[in-house]
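Reminder, nothing fancy here: chain letters follow the sequence lines and each chain counts from 1. Quick caveat: nothing in here was measured; it's all calculated off a predicted structure.
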Protein chains: 2
Amino acid sequence: MKIYKIPEATVMRLSVYSRFLHQLIDEGVATVSSGDIAKGVGVSSAQVRKDLAYFGEFGTRGVGYRVDELYGHLMKILGLDQTWNIVLIGAGKLGSALALYQGFAERGFHISTILDVDPARIGTKLGNVEVEPLEVLQDRVKENNIRVGVVTVPASAAQDVTDRLVQAGIKAILNFSPRILKVPNSVILRNVDLSVNLEVLSFNLALNR
Amino acid sequence: MKIYKIPEATVMRLSVYSRFLHQLIDEGVATVSSGDIAKGVGVSSAQVRKDLAYFGEFGTRGVGYRVDELYGHLMKILGLDQTWNIVLIGAGKLGSALALYQGFAERGFHISTILDVDPARIGTKLGNVEVEPLEVLQDRVKENNIRVGVVTVPASAAQDVTDRLVQAGIKAILNFSPRILKVPNSVILRNVDLSVNLEVLSFNLALNR
DNA sequence: CCATTTTTGTGAAATAGTTCGCAATTATAA
DNA sequence: TTATAATTGCGAACTATTTCACAAAAATGG
């Protein structure tokens with residue numbers, strides 16, 4: 001079986017398409033064209049078709065796509081036809097916000113374990129999940145078959161926490177700390193640096209001074 | 001004057017380089033090579049040099065870059081040689097977390113105004129900033145010379161809030177709601193969709209099933 | 001002062017990603 | 001039935017980005 005490398009930008013767009021399709025389902029729309037999707041999410045129709053073409057033929061020429069069908073395909077492709085248990089490390093401001101963020105639950109991401117080292121936070125509850133000490137990491141990962149970790153600790157603790165996640169067998173890490181993390185090749189790492197996003201804005205604003 | 005289009009990926013990397021350089025300054029390192037930077041942030045040294053080449057010649061052949069000097073250049077390029085006042089709309093979980101996030105302040109982003117429509121939130125304080133009603137938007141933007149807005153309201157309210165920001169003269173918007181927003185061409189828009197990031201992870205995990 | 005080493009800056013080559021253009025397919029209307 | 005319109009899927013062309021490779025410049029050590 002030939003493996004094509006899928007551009008990350010394509011994957012991100014698929015995620016956006018899927019959300020748009022969900023909106024259409026709510027509105028009772030039955031079929032949609034690549035042009036409609038394009039208009040709805042702000043890309044070109046050729047882009048939409050190309051993105052989908054990586055994964056198969058989902059449409060009918062002259063007609064378009066059946067909304068529910070395409071939505072199902074996208075959710076499957078994105079691995080969202082299942083629930084993912086997640087461990088979140090760092091129950092500070094950002095960690096708490098993420099733990100309580102409805103957007104994750106809606107897409108099948110279940111933060112089943114929240115860990116911290118601060119005794120003041122351990123034992124408190126975020127939603128219906130109790131904050132536990134970092135030491136139980138390995139156990140919880142095994143018990144709940146957790147493959148994804150979210151890091152929301154201060155930069156100074158980020159690499160240590162990451163090493164522990166790797167050690168515990170975590171396969172993918174979403175890092176919110178502004179620190180470059182080292183992980184083995186077998187572990188998928190994504191960085192969400194909130195400041196970087198503001199800095200792209202300030203760069204562009206500063207250009208036209 | 002010829003204007004080169006700078007790839008957005010380049011701008012994001014400059015932001016990462018600048019943080020790495022700050023780390024070096026703290027460690028008392030005086031000079032650094034493109035290879036060192038590359039190693040530190042996980043890109044190729046050619047990439048580092050190419051990125052910098054868009055903006056000038058900052059190094060010395062055979063030697064490398066003076067850390068403090070390069071840092072200064074990058075901060076200037078990124079528009080971080082000034083403080084940016086920011087209005088944040090939506091004082092929910094995520095909004096509160098961002099309002100209190102130290103990472104913004106450290107980079108010169110000052111959330112000077114926080115607005116919401118929920119009477120229960122209005123009048124409360126996040127750090128030393130009081131949550132005010134949405135109606136004062138226009139006044140605060142003028143008073144504080146605010147050019148950047150951060151949207152952390154639910155998807156259903158996002159477009160309305162965005163229209164108001166545009167109306168009030170905001171020039172750049174960082175959108176955390178999972179909604180595709182329409183803005184005039186003159187306004188810079190960036191989307192930070194937290195779920196999209198997790199979905200890229202689940203896509204990659206689901207690939208090797 | 002010259003040979004050697006280091007490391008930048010940059011044109012050229014390679015790779016990756018997007019847009020174009022159109023044949024193929026389906027639906028619709030005459 | 002047949003012409004017309006809509007819209008996909010996809011190869012080809014185009015554009016953008018990254019990597020390569022090396023001359024040029026600076027430092028170092030004999």
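Checking side-chain atoms of A:Gln47 against main-chain N and O of A:Ala38 turns up no donor-acceptor pair under 3.5 Å. A:Ser202 contributes a side-chain N or O that, together with a main-chain N or O of B:Leu78, makes up a donor-acceptor pair within less than 3.5 Å. No donor-acceptor distance shorter than 3.5 angstrom exists from the side chain of A:Ser33 to the backbone of A:Gly64, with no hydrogens or angles considered. The backbone N or O of B:Arg121 sits nowhere less than 3.5 Å from a side-chain atom of B:Asp116 that would complete a donor-acceptor pair. In this structure a side-chain-to-backbone donor-acceptor pair under 3.5 Å is missing from B:Asn145 to B:Val141.
Here the closest heavy-atom approach between residue B:Val129 and residue B:Ser112 is recorded as CG1-O, 3.8 Å. Of all heavy-atom pairs between B:Arg19 and A:Ser195, the closest is NH1-CB, 4.1 Å. Closest approach of A:Ile37 to A:Phe20, counting heavy atoms only: CA-CE2, 3.7 Å.
Side-chain atoms of A:Lys5 stay outside donor-acceptor range of the base of C:dG17, with no qualifying N/O pair under 3.5 Å.
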Pairs of donor and acceptor atoms involving the side chains of residues 88-105 of chain B, under 3.5 Å and at least two apart or interchain, shall be tabulated with distances.
residue: B:Ser96; atom: OG; partner: B:Ala91; partner atom: O; Å: 3.2
residue: B:Ser96; atom: OG; partner: B:Gly92; partner atom: O; Å: 2.6

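Contact check of residues 64-74 of chain A against DNA chain C (heavy atom, cut-off under 4.0 Å) returns no residues at all. For the segment residues 38-47 of chain A, the set of residues with a heavy atom within less than 4.0 Å of an atom of DNA chain C comprises A:Ser44, A:Ala46, A:Gln47, in numerical order. Proximity of residues 18-37 of chain A to DNA chain D (heavy atom under 4.0 angstrom from any strand atom) is restricted to A:Ser33, A:Ser34.
Rounded to a whole Å, the CE atom of A:Met12 is 15 Å from the C1' atom of C:dG17. Atoms CG (B:Asp51) and C1' (D:dT19) sit 12 Å apart, rounded to a whole Å. What separates CD of B:Glu57 from P of C:dT8 is a distance of 12 Å, to the nearest Å. Atom P of nucleotide C:dG9 and atom CZ of B:Phe55 are separated by 14 Å, given to the nearest angstrom. Straight-line distance from the CD atom of A:Glu8 to the C1' atom of C:dT18: 17 Å, rounded to whole Å. The nearest whole Å value for the distance from the CD1 atom in A:Ile6 to the C1' atom in C:dA16 is 13 Å. Between the CZ atom of A:Phe58 and the P atom of D:dG9 there is a distance of 9 Å, rounded to whole Å. For A:Arg49 and C:dT19, the CZ to P distance is 12 Å, given to the nearest whole Å.
Checking each of B:Arg13, B:Arg107, B:Arg190 against A:Glu199 for a salt bridge (Lys or Arg N to Asp or Glu O under 4.0 Å) leaves exactly one that passes, namely B:Arg107.
Applying the 4.0 Å criterion to OP1 and OP2 of D:dT18, one finds that B:Arg13 has a side-chain N or O inside that range.
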Under-3.5 Å N/O pairs linking protein and nucleotides 25-27 of chain C:
residue: C:dT26; atom: O4'; partner: A:Arg61; partner atom: O; Å: 3.1

Starting from the C-alpha separation in whole Å, work towards a yes-or-no answer on side chain to side chain donor-acceptor pair (under 3.5 Å) for B:Asp163 and B:Gln167.
CA-CA 6 Å; B:Asp163 293 344; B:Gln167 181 62 34; over 6 Å; no
Take A:Phe58 and A:Leu74 through the side-chain contact (heavy atoms from CB on, under 4.5 Å) test and state the conclusion after the steps.
CA-CA 10 Å; A:Phe58 304 116; A:Leu74 290 185; 5.7 Å; no
side-chain contact (heavy atoms from CB on, under 4.5 Å), that's the test. Do A:Leu205 and B:Trp84 meet it? Break it down for me.
CA-CA 10 Å; A:Leu205 287 173; B:Trp84 295 89; 3.5 Å; yes
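Overall, the helix from C:dC1-D:dG30 to C:dA30-D:dT1 carries an axis bend of 0° between its ends, with five pairs at each end and the value rounded to 10°.
A:Phe203 and B:Phe55 have perpendicular rings, their planes meeting at more than 60° on a 0 to 90° scale where under 30° would count as parallel.
Considering only heavy atoms from C-beta on, A:Leu24 comes within 4.5 Å of A:Leu21 through its side chain. When side chains are defined from C-beta on, B:Asp36 does not count as touching B:Thr31, because their heavy atoms never get closer than 4.5 Å.
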